[in-house]
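Let me begin by presenting the structure, written as structure tokens, before commenting on it.
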2 protein chains.
Amino acid sequence: MSEITIKFLAEKLNLASSTVSRALNDSHEISDKTKKRVLDLAKSLNFQPNANARSLREQKSKTIGVIVPDRVNNFFNLVIEGLESVCREEGYSLIVYNSYEDVEQEKKIIYSLLGGKVDAVVISLADEEKEVQHLEWLREKNIPILFFDRVARHVSGLKYTTNDLESAYLATKHLLDKGCKKVAFLGLSNTSSVGKARQDGFIKAHIEHGLVYDKNLLIGFGHDDIENQKVLEKLFYKINRPDGVLAAAEKLGIATLRALHNLRIKIPEQVRIVSFTNMQFADLLSPALSTIAQPAFELGSTCAKELIRGLKSKNINLFEEKKIELPSKFTIRDSSK
Amino acid sequence: MSEITIKFLAEKLNLASSTVSRALNDSHEISDKTKKRVLDLAKSLNFQPNANARSLREQKSKTIGVIVPDRVNNFFNLVIEGLESVCREEGYSLIVYNSYEDVEQEKKIIYSLLGGKVDAVVISLADEEKEVQHLEWLREKNIPILFFDRVARHVSGLKYTTNDLESAYLATKHLLDKGCKKVAFLGLSNTSSVGKARQDGFIKAHIEHGLVYDKNLLIGFGHDDIENQKVLEKLFYKINRPDGVLAAAEKLGIATLRALHNLRIKIPEQVRIVSFTNMQFADLLSPALSTIAQPAFELGSTCAKELIRGLKSKNINLFEEKKIELPSKFTIRDSSK
DNA sequence: TTGTAGGCGTTATCAA
DNA sequence: TTGATAACGCCTACAA
């Protein structure tokens with residue numbers, strides 16, 4: 001680490017370190033002449049105030065902790081990009097953690113954040129029904145928590161989601177309108193508000209169509225891609241296989257496509273598909289995939305704006321329970337025509 | 001931020017804060033009984049030592065700064081994932097910055113990192129030929145720099161790359177073997193060692209085949225996706241269009257696919273394509289895309305291991321010039337058969 | 001085995 | 001307008 005400190009600059013310039021500090025912070029109580037002397041020297045030495053000392057003194061780190069269940073996922077990446085675009089402007093850095101869809105991991109991460117490393121936490125939960133006690137830890141330490149996508153059900157706070165129920169409803173309605181008789185709903189089997197909402201939308205469309213949905217067609221998947229692939233191939237190998245699919249997660253939509261390819265089943269003639277995904281080349285898949293794309297970047301930037309506003313105003317009320325819902329975009333392509 | 005500090009614990013337990021500190025750090029000079037008392041209280045209060053105070057005192061932050069030119073890109077994401085997988089184990093956090101392919105942005109980021117916010121920087125450069133002066137700033141402050149993928153040509157250090165020349169050579173040879181007469185090389189036009197190596201491989205294959213490559217077919221692209229799309233459509237609309245493409249970047253491979261689709265040109269009958277990409281569903285594209293996939297995760301994890309080793313040993317020599325090259329994987333699919 | 005004191009680099013309060 | 005001093009919370013040398 002560098003030996004150049006405010007004290008060092010002060011000695012060089014025959015000033016008190018407090019004067020140098022004020023000059024660097026452009027305080028009005030310092031003469032222009034002194035300011036110039038200080039700034040010139042600082043610049044010439046590439047001086048940058050020690051971040052840790054400042055954070056300690058100010059009791060804030062200008063850093064936001066972000067916790068996502070799956071860092072490589074396109075959706076979370078775009079959200080992070082949205083968060084960063086705003087935070088960067090405001091001089092905040094992001095530390096991103098991956099909980100790997102594991103509540104225990106999430107707990108560890110949060111525990112490690114309890115010592116003033118971050119000023120706030122933005123999180124998409126690994127599992128919403130399991131313990132929320134670690135979220136309370138943050139509360140106790142007065143570290144604001146904001147939720148997005150997979151939001152906490154039993155903890156209050158700012159919550160940013162997309163219109164999952166409605167999107168799933170529209171997609172399912174579309175499949176039924178196209179004549180599908182047996183539509184399968186593929187979801188991740190962790191207990192998540194998102195999965196729940198999408199499933200509710202799926203069911204709602206069936207009811208409106210006067211149909212009874214088959215409970216066996218609400219299928220839950222884990223995080224083992226190879227295992228999931230097997231389950232899907234088994235599902236579509238059956239005589240009375242589904243003739244429509246609503247995949248509530250990108251990886252499931254992709255796995256379905258792959259399964260159908262392997263089994264030489266024609267899309268959309270034999271099976272129609274719609275998948276939730278933020279992939280940028282759904283139109284180039286074989287066949288072009290009908291998608292529901294979440295407004296990921298906007299979710300991140302909207303959340304960050306509110307967060308920074310709250311952090312600046314120090315008005316705790318700004319972090320009170322509030323639900324913000326942004327609309328996803330449903331695009332019909334060849335896979336469900 | 002929390003009011004619970006070591007001093008607070010000490011008062012509660014009628015101990016000196018130094019004793020508590022030592023107990024928390026499991027020092028051998030503290031009795032088991034005292035340790036237990038301290039640990040129990042700490043745990044019950046969810047005590048976590050203040051990270052900023054500790055960093056200030058220790059002169060290290062246990063945080064690594066990562067700078068990539070394009071955060072949403074699959075390749076960089078996987079590298080970051082690889083970095084994190086190792087860093088997490090070792091108790092290091094990652095702060096990731098996006099330079100948006102812009103050297104000025106990169107400079108700003110690095111300047112902001114000069115104050116002890118991070119213990120080291122891992123970077124893939126925005127542009128390798130432009131100024132490297134900001135890299136020297138890090139040197140001066142004794143902050144180690146490690147490079148990956150787009151490595152600095154005129155700055156020494158640890159450099160992690162993939163066998164770009166060879167991969168491009170193999171892919172080009174494959175296209176020529178398949179009978180392509182006019183292969184285009186699509187690269188990003190920033191001056192990058194990566195782009196250069198891939199182009200060299202492309203040229204080498206032509207020479208070996210006894211062919212003269214057309215300089216007009218070495219095409220450089222910027223970062224405006226819409227503009228790139230136009231350029232490609234113009235290129236393939238021509239009568240004497242290329243009959244083969246080596247795309248040196250994922251976005252260019254995708255844009256080519258899209259252009260050919262729009263023009264109703266058949267792949268591989270009329271044009272064959274191979275693209276560099278780390279996309280996970282290249283096999284599901286229309287047609288399945290031949291790819292060169294870089295070992296992104298391994299690049300990250302290998303780099304992180306060496307970094308941590310260096311940081312621990314405090315042996316500066318460990319960060320001296322060394323080039324590590326990992327092999328990419330070339331997979332032939334329908335798009336070039 | 002435990003306690004005392006000082007300093008990491010910064011900023012804010014008070015005094016000059 | 002500038003200077004001296006204390007404090008943020010932690011760790012470590014030295015003392016007991």
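Values reported hereafter were calculated over all heavy atoms of this structure, with side chains retained and with hydrogens, waters and symmetry mates removed. Every chain is numbered from 1 and lettered A, B, ... according to where its sequence line falls, protein lines coming before strand lines.
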key: Under-3.5 Å donor-acceptor pair between S18(B) side chain and dT4(C) base   = yes
Which nucleotide sits closest to the side chain of [X]: [options]?
{"X": "E58(A)", "options": "dT12(D), dG3(D), dA12(C)", "answer": "dA12(C)"}
{"X": "T19(B)", "options": "dC11(D), dG3(C), dG9(D)", "answer": "dG3(C)"}
{"X": "S21(B)", "options": "dT2(D), dC11(D), dT1(C)", "answer": "dC11(D)"}
{"X": "T5(A)", "options": "dG9(C), dT11(C), dT12(D)", "answer": "dG9(C)"}
{"X": "S31(A)", "options": "dT10(C), dT1(D), dC11(D)", "answer": "dT1(D)"}
{"X": "A16(B)", "options": "dT1(C), dA6(D), dT4(C)", "answer": "dT4(C)"}
{"X": "L15(B)", "options": "dC10(D), dG9(C), dG3(C)", "answer": "dG3(C)"}

task = Give a yes/no on whether any side-chain N or O of Q59(B) is located under 4.0 angstrom from OP1 or OP2 of dC11(D).
result = no
request  = Take S18(A) and S21(A) through the test side-chain hydrogen bond (donor to acceptor under 3.5 Å, both in side chains) and record every step on the way to the result.
outcome  = CA-CA 5 Å; S18(A) 53; S21(A) 170; over 6 Å; no
ask   = ring-ring contact (aromatic ring centres under 6.0 Å, His included): which pairs involve residues 66-122 of chain B, sequence neighbours left out?
value = Y111(B)-W137(B)
Show me the protein contacts with nucleotides 14-16 of chain C, counting only N or O atoms at under 3.5 Å.
none

